[in-house]
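Notes follow once the structure below has been shown.
Because only heavy atoms are used, hydrogens play no part in the values below, and waters and symmetry mates are left out as well, while side chains stay in. In each ligand, atom 1 is the first atom listed, and ligand 1 is the first ligand listed.
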Amino acid sequence: MQKIIFATGNEGKMREIRQILGDMPLEILSLKEAGLDPEIHEDASSFAGNALIKARTVHALPEGSQAIVLADDSGLEVDWLNGEPGIYSARYLGESVPYSIKNQSILDRLQGVTGEARSARFRCAVAAVFPDGQEAVSEGTIEGQIAGEILGDGGFGYDPIFWLPGEGLTTAQLPAEKKNAISHRGKALRGIRPVIEQWLAGRAV
Ligand code: IMP
């Protein structure tokens, strides 16, 4: 069966990809399951660029060259902060600083800002590199606002401050299945699925 390696160490992301691609004739492996721990330098200036760097790095390894390699890069863009933290979302205020502090910092910087001026979005790019070197990128976004306070304890990262006005909840207050159904990552992964199907079909001819 064709192997697919998702270049992440994040178990939540692995669950999501298994939900979305699990019915395809693919053996889906995390980096750890593939026995890989590469050093990856994400120094591009876009989500798509960084996702491609991750996928190409794994594809360049002998163990990755015969697999379909997928990688994602994602983050939060706050319009009032000119798109910050953006591609620096994981590194905002420092990689090891807890999200309780990162989230409070964003709330503090938006003090006095009201309504639609608090608009924000999560953005995700998923890159694929195929064994023959073919590459593809799929992007997904989810629009929302920065909440007035930290709310909910589900999800991860910036979820407790990402408010969905239509739901009246933050993404940290949504059940995981519901979040996957509407999230930036879910959309990007569902967008890459037909590209994988097409590649598999072409190879079968
Ligand atoms: P990466 O894509 O694993 O490099 O992570 C980017 C960072 O963006 C994460 O560490 C989070 O801070 C943030 N982020 C991306 N997606 C989400 C999400 O669905 N909820 C909350 N934070 C997110």
Side-chain angles (χ1 to χ4, degrees), residues 5-17 19-20 30-32 37-58 69-78 81 83-107 109 118-128 137-147 149-164 167 169-192:
I5 300 174
F6 193 33
T8 186
N10 180 319
E11 271 313 307
K13 290 184 183 177
M14 287 310 297
R15 268 198 299 280
E16 210 169 330
I17 188 177
Q19 258 179 22
I20 292 170
S30 66
L31 277 182
K32 197 169 153 196
D37 187 17
E39 202 173 307
I40 298 176
H41 302 284
E42 294 173 41
D43 52 9
S45 57
S46 65
F47 295 111
N50 280 331
L52 270 169
I53 288 175
K54 291 185 210 178
R56 286 175 184 155
T57 303
V58 175
V69 182
L70 291 189
D72 82 325
D73 196 54
S74 55
L76 174 70
E77 288 179 354
V78 181
L81 303 178
E84 273 190 64
I87 58 167
Y88 302 106
S89 292
R91 290 166 271 176
Y92 179 60
L93 302 179
E95 191 98 37
S96 57
V97 169
Y99 275 90
S100 53
I101 292 175
K102 296 188 207 256
N103 284 334
Q104 190 57 51
S105 155
I106 290 178
L107 293 181
R109 292 175 70 190
R118 299 180 72 89
S119 59
R121 71 200 54 73
F122 280 127
R123 204 179 271 285
C124 177
V126 171
V137 177
S138 162
E139 300 197 65
T141 58
I142 177 171
E143 298 287 334
Q145 292 179 359
I146 298 305
E149 58 182 318
I150 291 173
L151 287 171
D153 50 19
F156 69 102
Y158 298 99
D159 280 326
I161 58 165
F162 191 74
W163 178 255
L164 298 171
E167 304 281 343
L169 293 169
T170 66
T171 41
Q173 294 174 302
L174 278 184
E177 295 239 322
K178 174 98 199 229
K179 186 187 160 195
N180 292 349
I182 61 172
S183 80
H184 49 314
R185 191 169 300 100
K187 287 177 186 164
L189 281 170
R190 282 191 293 277
I192 209 78

Donor-acceptor pairs are to be reported for all side-chain atoms of residues 179-191 against protein atoms at under 3.5 Å, with residues two or more places apart or in another chain.
residue, atom, partner, partner atom, Å
Lys179, NZ, Asp159, OD1, 3.3
Lys179, NZ, Asp159, OD2, 2.9
Asn180, ND2, Gln19, OE1, 3.3
Ser183, OG, Glu16, OE2, 3.3
Ser183, OG, Arg185, N, 3.3
Ser183, OG, Gly186, N, 2.9
Arg185, NE, Asp72, OD2, 2.8
Arg185, NH2, Ser74, OG, 3.0
Lys187, NZ, Thr141, O, 2.7
Arg190, NH2, Ala181, O, 2.9

Has [X] got a side-chain atom pairing as donor or acceptor with [Y]'s backbone, closer than 3.5 angstrom?
X: Tyr158; Y: Ser89; result: yes
X: Lys13; Y: Ala71; result: no
X: Lys54; Y: Ile40; result: no

Enclosure of Arg91 CZ (heavy-atom neighbours >12, cutoff 6.0 Å) = yes
Just wondering, do Met14 and Thr8 contact through their side chains at under 4.5 Å, heavy atoms?
->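 Yes, side chains in contact.
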For a distance cut-off of 3.5 Å, show me each N or O of ligand 1 paired with any protein N or O, plus the separation.
residue, atom, partner, partner atom, Å
ligand 1, 2 (O), Lys13, NZ, 3.4
ligand 1, 2 (O), Ser74, N, 2.9
ligand 1, 2 (O), Ser74, OG, 2.7
ligand 1, 3 (O), Lys13, NZ, 2.7
ligand 1, 4 (O), Asp73, OD1, 3.4
ligand 1, 8 (O), Ser74, O, 3.4
ligand 1, 10 (O), Tyr99, OH, 3.0
ligand 1, 12 (O), Tyr99, OH, 2.5
ligand 1, 16 (N), His184, NE2, 3.0
ligand 1, 16 (N), Arg185, NH2, 3.1
ligand 1, 19 (O), Lys179, NZ, 2.7
ligand 1, 19 (O), His184, NE2, 3.3
ligand 1, 20 (N), Asp159, OD1, 2.9
ligand 1, 20 (N), Asp159, OD2, 3.2
ligand 1, 20 (N), Lys179, NZ, 3.4
ligand 1, 22 (N), Tyr158, N, 3.1

